[in-house]
Amino acid sequence: MKLSKSEYAKMLEQESPPSHLIRDMVWAFVIGGLICTIGQVVSNFFSAQGLEQKDASAATAITMVFLGALLTGLKLYDKIAKHAGAGTLVPITGFANAIVSPAMEFKSEGYIMGLGTKLFAIAGPVLVYGISASVIYGMILFFFQ
């Protein structure tokens with residue numbers, strides 16, 4: 001099937017849903033802000049329980065990763081992401097989702113070849129390049145200060 005550029009453009013316009021950019025940005029802002037607000041409430045709770053700021057921050061991170069993983073496991077995180085888009089990429093809960101999603105998808109292939117192999121399929125490159133960039137940045141600071 002050979003299509004001209006105009007035929008292809010017409011077919012693409014027909015099949016592609018219209019983008020609601022403003023609405024999508026507002027939802028991303030609201031849901032991302034809500035996730036951050038929940039994180040702040042959790043942090044305030046741990047601080048009120050007598051934890052020092054450093055310990056409250058660690059407990060908050062653990063709690064937010066757990067909540068992100070739990071919502072992913074219950075298939076709720078993806079439903080939220082359909083409306084919030086990039087708002088669900090708030091680093092800590094988005095990281096939990098990026099780890100749990102491939103693990104759930106490939107668990108039927110077994111613990112080693114499925115879950116173990118695919119666990120870091122999405123988050124792995126982010127970790128590799130993030131750690132590499134931080135090492136390079138640290139070396140630059142070390143040698144030039």
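How far CE of M64 is from SG of C36: 7.5 Å, rounded to the nearest 0.5 Å. Between the CG atom of L71 and the CG atom of L76 there is a distance of 5.5 Å, given to the nearest 0.5 Å. The distance from atom CG of L141 to atom CD1 of I136, rounded to the nearest 0.5 Å, is 12.5 Å. Interatomic distance, OG1 of T88 versus CH2 of W27, reported as 12.5 Å (0.5 Å rounding).
For the pair G73 and V100, the tightest heavy-atom approach, listed with the atom from each and the gap, is N-CG1, 4.3 Å. The shortest non-hydrogen separation linking H83 to K79 is CD2-O, 3.5 Å. Of all heavy-atom pairs spanning K2 and E7, the tightest one is O-OE1, 4.2 Å. In plain terms, the two heavy atoms of S43 and A56 that are nearest each other are O-CB, 4.1 Å.
Grouping the Ile, Leu, Val, Met, Phe, Trp and Tyr side chains by contacts below 4.5 angstrom, directly or via other members, places I80 with L74. Cluster membership for I92 and V41, using ILVMFWY side-chain heavy atoms within less than 4.5 angstrom, is not shared. Under a hydrophobic clustering in which Ile, Leu, Val, Met, Phe, Trp and Tyr are joined whenever their side-chain heavy atoms come within less than 4.5 Å, directly or via other members, I38 and L70 fall into the same cluster. Linking ILVMFWY residues whenever their side-chain heavy atoms come closer than 4.5 Å, directly or via other members, leaves V26 and L89 in distinct clusters. When the side chains of ILVMFWY residues are joined at heavy-atom separations under 4.5 Å, either directly or via intervening members, V30 and I35 end up in two distinct hydrophobic clusters.
Listed for the Y77 side chain is no donor-acceptor partner under 3.5 Å among the backbone atoms of S101. Here the side chain of S134 pairs a donor or acceptor atom with the backbone of I131 at under 3.5 angstrom. When atom types are taken as modelled, the side chain of S57 and the backbone of Q53 share a donor-acceptor pair closer than 3.5 angstrom. At distances below 3.5 Å, not a single donor-acceptor pair connects side-chain atoms of S16 with backbone N or O atoms of E13.
Applying the 6.0 Å contact sphere to CD of Q49 captures more than 12 heavy atoms from other residues, nucleotides or ligands.
The closest side-chain heavy-atom distance from F45 to T63 is not below 4.5 Å.
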Problem - Audit row: T93, L67, side chain to side chain contact (heavy atoms under 4.5 Å, CB included) steps and yes/no - result: CA-CA 7 Å; T93 55; L67 290 175; 5.7 Å; no
